[in-house]
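Structure first, then comments.
FYI, side chains are in, hydrogens and waters are out, and symmetry mates aren't considered; it's all heavy atoms of this structure.
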Amino acid sequence: MSICKLTITLNLATVNANELLKNSCQILLASLLCIIPCDAAVGSIACTSSDSVNCTKYGNSKCVSDTCLCKDDYYDNESTCQQKGTHGEACSSTVGDSSCLHSLKCTSDVCSCTTPSIQYFDPADNTCKSKGTHGEACSSTVGDSSCLHFLKCTSDVCSCTTPSTQYFDPADNTCKSKGTHGEACSSTVGDSSCLHSLKCTSDICSCTIPSIQYLDPADNTCKSKGTHGEACSSTVGDSSCLHFLKCTSDVCSCTTPSTQYFDPADNTCKSKGTHGEACSSTVGDSSCLHSLKCTSDVCSCTTPSTQYFDPADNTCKSKGTHGEACSSTVGDSSCLHSLKCTSDVCSCTTPSTQYFELADNTCKSKGTHGEACSSTVGDSSCLHSLKCTSDVCSCTTPSTQYFDPADNTCKSKGTHGESCSSTVGDSSCLHSLKCTSDVCCCTTPSKQYFDLADNTCKSKGTHGEACSSTVGDSSCLHSLKCTSDVCSCTTPSTQYFELADNTCKSKGTHGEACSSTVGDSSCLHSLKCTSDVCSCTTPSIQYFDPADNTCKSKGTHGESCSSTVGDSSCLHSLKCTSDVCCCTTPSKQYFDLADNTCKSKGTHGEACPSTVGDFSCLHSLKCTSDVCSCTTPSTQYFDPADNTCKSKKPLGDNCSADFECLVANAECTTKCQCKINYYDTNNAASEGACEPLVNLRVSNIQLQTRSENYLVIKWTAPPAAAAVEEYKFVVGGTSSEVSVGKQLEANITGLIPGVMYTITVISVDSDSRPAQQKTSPGPVNQATKPATPGPIKDDSDLTASDGQIIVKWGFTGTVALYTVTISDLITMPVNTSNTFFGINSAKNGHRYTLKLTAHSNGLISDEYSEVFRTVITQPNPPTSLSCAEIVSTSIDLEWQPSALPNGDIQYYLIDTSGPFPPSQINTSTSVVTYKVEPLLAANRYCFFVKTVNDGPDSIKTSGNSNQLCCTTKAASSSEPTSVTINVLSSRHISVSWNYPDNPQGDIFGYRLRLRVNAVCQVEIIFFCTDCPNTHTITYKDCGDDKQRQTVNLIKNQINTTISYVVGHLIPYTNYDVWIAAHSTVNDGLRHESKVQTISEVPQTPLSLTASVVSSSQITVTWNQPAPRPGVTTYHVKAYEVVNDVNEFVKMSNVSGFSIQTTTFSGLEAYWNYTFSVVAATDKGNSEQSEMSGTVTTHQDAPGKVTNFEIKRPANIFTTMEVTWTMPSLRDRNGIIKEYKISHNISGTFTIEVVTAEVESFQKLYYITPDRYYMIELYAVNNLNQDGEKNRKIYYASSRIESQPPVSHEGYSIETVIGAVIGCVSFSVVIMVIVVCFISKRKKNKKSKQSKLRHTQDVSQIGDQYEELGMNNISHYQELGSKENQTVYDQIDRMQTLDKQYENLMLKMK
């Protein structure tokens, strides 16, 4: 049952007695009617943010969006809010998974992981994680149950029990024994499945490269086979050598080393070579006979280039040079330099036409004319009696002779006009002349002449070029005359030479043709040739006067000109009148020197030159700034009706045309007002100006926050914000504008996830013109956040029989692509635009985690994570069965789980055959080792093992594994007796035992093993050094990375009680202790027991680091030295640092050795903190860590300013004083940059900024008395975060009052109701009589006196709120909160008769 609450506020100051009685009755009646039954779930209970009493009775609830909701970590069970459960704790199947923490599933009323068979709960981070397979991470805290396939969790990694002698076979997910040489191994796993560093090849352990290695049985190592000259083993024989070599005296060699050599090129033994036969450059000279050298794989002399091999005596001899002896038997090869061996002497091939050149030791042909010869040899190296000069065969005097091949003789060269040889060519002529038709002449006679003065051919000259007076006019081209050794026209003074047609033409006068090619020289009278016409130098400013054939300057305005020539003798299109240049109509024109034109004098508003001045304007106008205007254009306008200047009219005055308006950008309708797209700076009052409407546009439109279905944007108000009546926004694609009043932000709701929206913010001006004006900056584009995808759809194909599955998921809104990962299958994120994903390597019965994020418009959704499982099918049997420990009565059977269990392995079935075998064994759990007993000694037993998964009964059992057969020992010693184990400390235990009762022969020692989670950690061998027939006891369980030790004993010690202290253990750890006697057979039956070491005092935590997360959160991390000392709790203390002094604030207790981090929340913003850590177990506390470095939380929005007051200074009615001080130290929350004051003193709201330079502030404002003013004040930090706002309304009274004008006290509903009920119950009869009497008298007496004042007060106070834009006062204050009482309270309960104002001032609930 719920009681509805009625909240009413009465203003006792204005209620008369009649009203009080009437209201009392109404209150009692309303209270009786409001008793309403309300039975509902917590989530159905209505509430408000300011009144959450309805929620509190349900416990652990809060008010959210006007509805009661359970707090975080609580759920609604339809009647109360209950604590959500963590892993293993109770939950509600009715409520479902939401009654569990950490995204756990509620199954059978217990919180658990989604798929417990392949998941475990990690308390370190409160998440469900996939169990690890071999080599993957696991949790030492959780233990072996965090691993699959019966693996052990060692040092947070899943591994086999004894990694040194076992390997993990992924084919059947089992651990198997590593093989020695010749034994089986796994090609899939590789070499790590073999012992002794052997390689696994074709599933057999062998040497790395059998073809080049052999096994040495002496030390069971693989050694390299020897090549030629390397060591080999005489014991092994020739097979320890490569390449079919012989092993002789432990060295590999050829069969007959004297005549053979070993060629490493093809690894064969070959015969040594004689001269010219093949040999081996790699082997060298030893591959040749007769001391020959092996060069380029051929046997030869030491220097074949200078030696030859003489077969007569099998020796190498020097080759002969020109004229030296050689061997006719050997032939030319016994000579150097390709000489011929003729009659046992070396010579050239044809001595008559050849000579031997000593410079390069070659036979060369003798040269004819122009060919090479040898200066060293001389003229004998040339033919035809030629001379060898500078290594070239030539005539005796080459400068005046040439060689005639017709008769092979030298002849004299010819000069100009003399004979020459056409066969020889131009070289048979002197002076570089050409031989043409057997006569020497110039190259081009038509264009050249031969000058005897210097015996050269020269070009005939064109106009202006040189010629030869000796030769005459024939040395010139184009019929020119050679005058004074220069080619020219006949009469140069009146002619010029035209290059276009190479002729002489007459020069032109003014206006006649000339040659642009020739230039000015083709004109008379010093005229210029321009565009093939003779003219003055600058025709634009000159004219040609035919009177004296000269060019003269054209005249400008007022200068002289030529009436004969006419207007063309004037510049600037002026007229030449009476030999003077002037404008066409001087009375109506003026000459403007600025552009040298005649222009019409301007009327009002037309252009004029300031240079000319007022003379360039009509109607006595002034030329100001190059425009004809009135004397004071800012206040005058030109009336064209009478061409006079008149005074302009301000905004609001009657007018008939736009130009009559005084204000710029105004227009005239019937009165002067601002034009479209301009606003009135004084809101349509007088003395305003018209400014561009764009000045009202907001700026800095930014996204404040976004979600999947809403956007919050904020903006900066324009500088002229006072002229804006309201702000609106419109979203692209919609036609409706939404108003937000004068707020500077908008919450845009109802949007679609992942969509880009175009948003326009509009400023509205309603006062400047009859119709509203709107302006806005360019729109901004902002996108909503993509919705979180998921869940996995029911129609996903999760049958992985062929390895392929297809996962489908749901989505909302617009998505461009998805990022997908699936544990074990897609470890690197993959992007897809589809809402499904196919995988080809999935396993049946396996659990995978799908993680999805959606992408749209560059934004990423929250990650969706869901665990799914493929279909369970029949499992495969285990593999790699082995007999780990064999004694006379039992065998420890081990195997590897199947690589494809196709589900969660529940247990294994073991079938045994042999004499009196045990019945089928159910291992009950997914262990991978089992002791099969009882068995008979010295008998053979065979085993099959089957896998059983969590599938239906019809498919859950696999077929048989491969059969494994082992034979029990003939006789094994019984267990040691009187075994006693004592825990000495956290790292030491003592173990003692006695001789076995039935040793079955001599005992040579004992094997003591300590195992943790089925992995050997300690192995100690107690060896009898003097026992008869003793033999070495080898380690068989612990690898060399574990604690191993041999203790030597004598026979007397073996036969008595043995005590030993085992050290270097790990605190608070469970050990399996195995002790077995060792006899001639092997280890005997072992004694098995368990012991747990005790905890210890932790070591001091190290590396304490604090990292700031936010303005209220800091994460602390540290490093706790290993090993785990026991059940560990960390006490983390937080200290605030003030003036370098650490003050304790709070403490966080963290449970769990591996959880070495914690986050402190609820801290002060922008505050200094430091931290310490102490680790604790049941044995005590560690030393305190060193203090962390001091860190500072991030800044946050500042709190309220302090000492905020508004008052009138010393009865100055027109002044308002606002004072405040900065927020308290803890409320500053950062660096205060400035303060913002929002007020309505000017009639519209204005924001002022005050720089935070001191701690106390004062602002004085000029105000109008008897008005209300709203002042809002808040601090702003240097991140531009607005602080908590403090708002007050101040009434500026013109009366002298003893009470302050601002009050924060008010009357609550309880006070009013109490007073009413007390009066009613105490004196109801008396009150009725008194009320009636008083009512009649007051009505007659005071009605006339108050009437006038009533009317004035109502008009005065009511109107001023309309002027201030405060028609609804609730728009300017947060009504109903403790900090904002009714307006009556804030104005010190000032009485008024304005009924509209009273109604608006009522406190709203």
task: Identify whether the distance between the nearest side-chain nitrogen and carboxylate oxygen of D97 and K105 falls below 4.0 Å.
output: yes
Shortest non-hydrogen pair, S145 vs V142, comes out as OG-CG1, 3.3 Å
Would you check if there is a donor-acceptor pair between the side chains of S93 and D109 at a distance under 3.5 Å? yes
Next on the checklist: Please check: side-chain N/O of N857 versus main-chain N/O of L859, any donor-acceptor pairing under 3.5 Å?
Outcome noted: no
- Task: Spell out, as yes or no, whether a donor-acceptor pair under 3.5 Å connects the side chain of S1182 to the backbone of A1175.
- Result: yes
Residues 1145-1155, side-chain donor-acceptor partners within the protein, below 3.5 Å, at least two apart:
unit_1	atom_1	unit_2	atom_2	d
K1146	NZ	S1161	O	2.8
S1148	OG	T1158	OG1	3.0
N1149	OD1	H1131	ND1	2.7

Within 45° of the six-membered ring axis of Y1274 and under 6.0 Å from that ring's centre, is NZ or CZ of K1285 located there?
yes
Quiz prompt | Polar contact flag, side-chain donor to acceptor under 3.5 angstrom, S1103-N1119 | solution = no
- Got a donor-acceptor contact below 3.5 angstrom from the T870 side chain to the L798 backbone? no
Answer yes if the side chains of T1115 and T1159 hold a donor-acceptor pair under 3.5 Å, and no otherwise. yes
Start with the C-alpha gap between Y864 and E866, add the side-chain angles, then the distance that decides, and say whether side-chain hydrogen bond (donor to acceptor under 3.5 Å, both in side chains) holds.
CA-CA 7 Å; Y864 178 76; E866 182 178 350; 2.3 Å; yes
Main chain of H846, side chain of R869: is a donor-acceptor contact present, judged purely on distance under 3.5 Å?
no
Any donor-acceptor pair under 3.5 Å linking the side chain of T1177 with the backbone of P1125?
no
To the nearest 0.5 Å, atom CG of N1070 lies from atom CD of Q1092 at 4.5 Å
>> Tell me whether the rings of F868 and Y848 are parallel (<30°), tilted (30 to 60°) or perpendicular (>60°).
In response: tilted
Here the gap from K785 atom NZ to L751 atom CG, rounded to the nearest 0.5 Å, amounts to 15.0 Å
One should read off an interatomic distance between S1185 OG and Q1120 CD, to the nearest 0.5 angstrom, of 9.5 Å
Checking T86 side chain against L101 main chain: does a donor-acceptor pair fall under 3.5 Å? no
One should read off an interatomic distance between Y757 OH and Q782 CD, to the nearest 0.5 angstrom, of 13.0 Å
Value for NE2 (H87) from OG1 (T127), rounded to nearest 0.5 Å, stands at 10.5 Å
message = Angle between ring planes, H102 versus F121, binned at 30° and 60°: parallel, tilted or perpendicular?
response = tilted
Applying side-chain hydrogen bond (donor to acceptor under 3.5 Å, both in side chains) to Q83 and Y74, what does each step give before you reach the verdict? CA-CA 5 Å; Q83 177 73 46; Y74 289 85; 3.3 Å; yes
Just by modelled atom types, is the P1223 backbone N or O under 3.5 Å from a matching donor or acceptor in the R1228 side chain? yes
Self-check item: disulfide (SG to SG under 2.5 Å) assessment of C158 paired with C138
Solution: CA-CA 6 Å; C158 295; C138 58; 3.8 Å; no
Centre-to-centre under 6.0 Å for W1118 and F1171, is that the case here? no
Does a donor on one side chain and an acceptor on the other come within less than 3.5 Å for T1190 and N1168? no
Checking T788, T784, T812 against E708 for side-chain contact (heavy atoms from CB on, under 4.5 Å), the one that qualifies is T788
Quiz prompt | Over 12 foreign heavy atoms within 6.0 Å of OH, Y120 | solution = yes
